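First comes the structure, then the notes that go with it.
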Amino acid sequence: MTHEKQHPILLDYVRQYPLPHGVRFTYGTAGFRSEGSILASTVFRAGILAALRSLKTGSTVGLMLTASHNPISDNGVKIADPDGGMMIQQWEPFADALVNAPDPEHLLQLVIQFVKEENIPFGGGQSANILLGRDTRPSGDALLEAAKQGINSVVGAFAIDMGILTTPQLHWMVRNINKGTRSSESDYMEQLAKSFRCLVDLAPDNTMESKLVVDGANGVGGEKLQQLKKILSGLDICVRNTGKEGEGLLNEGCGADYVQKEKAIPSSFGLDDVGMKCASLDGDGDRLVYFIPSASSNNVDLVDGDKILTLFALFIKEQLDFLCNEQGFDNKEAVSLGVVQTAYANGASTAYLKKLGLEVVLAPTGVKYLHKEAATFDVGIYFEANGHGTILFSEKFLSHLQARSDELSSTASGSESHKSGLRLLEVSRLINQAVGDALSGLLLVEAVLQYKGWSIKAWNELYQDLPSRQLKAKVADRNAVVTANAETKVVKPPGLQELIDEETAKYPCGRCFVRPSGTEDVVRVYAEASTQEAADSLAQSAVQLVDRFLGFAGSHQKA
Ligand code: NG1
Ligand code: ZN
């Protein structure tokens, strides 16, 4: 039997989506990303990939179209696994091979071979369900059609269009559908609003600055926050850059990435906002940073992902202490609390967390790595400095917590330990268990600030960031840089790390590392030191070393 006969629909569809010339796509830190105009074949093939993943797992999976904080002309595609996390990494090489297969025949061969190797029930009457989500990018409509066609080309696969969503909303839906719990968008909104309300009700009666001004990056996050606002009580939120006509372009001069990297106020913010508590989301609503516009020039005091992590860690640790210090919590010793960061975490944050007695684990860049590490704890908190992260609770710990809270509600109702148990349970319902989520993160920040009675200024002063600098080096082949130890050491090309170390040693509190980006064709350079001038100079020297070893291939830019 020919391949064509085995999979009659597949080939017909594939031919409608020819591969663009001279481009190679890789499933990087966050799926496939590129100019939106050349992504149709990639997205079509990602549809096939998602269908195979659903067939293999016998569960619903997700396919999200987004390029997060990238410019509006870019787009991308990534797959959410049945538990709501990122697609398992073992499938990434197949994903790469599939989207780069030079012609339909090769593609079919690949699929047949993979189906056999992975024992995927294909063509035997099994069905596959794929939830589709997209952000607000104009190329999203056409790419959605490509994804649907890819899914339809697989026998028994069904695409369910969930409309325009934040990335974490789609992941949340996939997770809930597979758990058999409520999974619609209004369920999501209601869950967030309800848990936030409960947390605020469980907080001491503190007066605090409740006004919050949010930069929505002119993307989907701002739009959804407006929606959420309608059912939220106890918060005074003003959303700017919601993406409405005339408000500006997606991620242009605004959004969490811009605010974090440039340390500049986003568009539509001005003198009236000086000193205010402000927050910024990224283009697909999975990153969150806070900031205080400062009186001088265009600058902000940045309250980044490391500080959000620190705030959450302080709160969770305090609640666990209340709970565990109470006699009768049988699992006292067994509760493990860990925090996960990347090498981009500011050294001052890591030092602060360690001083609190917390276990700090370093993972490579990309939430798929951090998530995996965090899941090894009863309570694992992970954040990238750029504001992407969440808190994971193990099922085992949650059932202990539930049992303990039930018990306390009859023996010590209203006690601090009872309230702590209830607070932790609400945090697990509020904060997205699938992926980092700017909306639920924002509500948890607000609930914790309210609990502590802290202003953003008080929160920001927990520790002072060490000055840092990020640069990008354009090189001929970024993959010539190979790293180890959670990307803190270069192992290839040989000799480069030694010279970086030599340079770093010249600076007090110096720290520096280089790594190939997973989303852009650059090598990223990060440096930290005791003064801004020193951090800048260390980063510059590292860029020059990268150039020397890898060959300069264009102008270098700020991160
Ligand atoms: P790369 O391009 O691999 O550095 C960037 C961010 C990651 C992550 C991904 C996905 C930095 C330094 N890197 O990855 O943290 O957010 O994009 O969006 O911010
Ligand atoms: Zn994002």
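Note that ligands are numbered from 1 as they come in the structure, with each ligand's atoms numbered from 1 the same way. What you are looking at is a predicted structure, and each value in this text was computed from that prediction instead of being measured.
Relative ring orientation between Y382 and H371 is described as perpendicular, the plane-to-plane angle rising above 60° on a 0-90° scale split at 30° and 60°. Between F32 and Y27, the angle of the ring planes goes over 60°, which puts this pair in the perpendicular group of the 30/60° scheme.
Around the Zn ion (ligand 2), the protein atoms of type N, O or S found under 2.8 Å away are S68 OG, D282 OD2, D284 OD1, D286 OD1, listed by chain and number.
Contacts of ligand 1 (protein heavy-atom distance under 4.0 Å) are T29, A30, R33, H69, K261, R287, Y344, T365, E384, N386, Q470, R515, S517, G518, T519, R524.
Contact record, I38 with S34: CD1-OG, 3.3 Å, taken as the closest heavy-atom pair. Nearest heavy atoms, A256 versus S280: N-OG, 3.0 Å.
Note on D161 versus R134: salt bridge recorded, some NZ/NE/NH1/NH2 to OD/OE distance being below 4.0 Å. The existence of a salt bridge linking R240 and D273 is confirmed by a sub-4.0 Å separation between a basic side-chain nitrogen and an acidic carboxylate oxygen.
To the nearest 0.5 angstrom, D135 atom CG is 11.5 Å from L170 atom CG.
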Check step by step if side-chain contact (heavy atoms from CB on, under 4.5 Å) holds for F393 and V427. CA-CA 9 Å; F393 291 82; V427 172; 3.8 Å; yes

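None of T26, D74, N70, N75 except one satisfies the side chain to side chain donor-acceptor pair (under 3.5 Å) rule with R33; the exception is N70.
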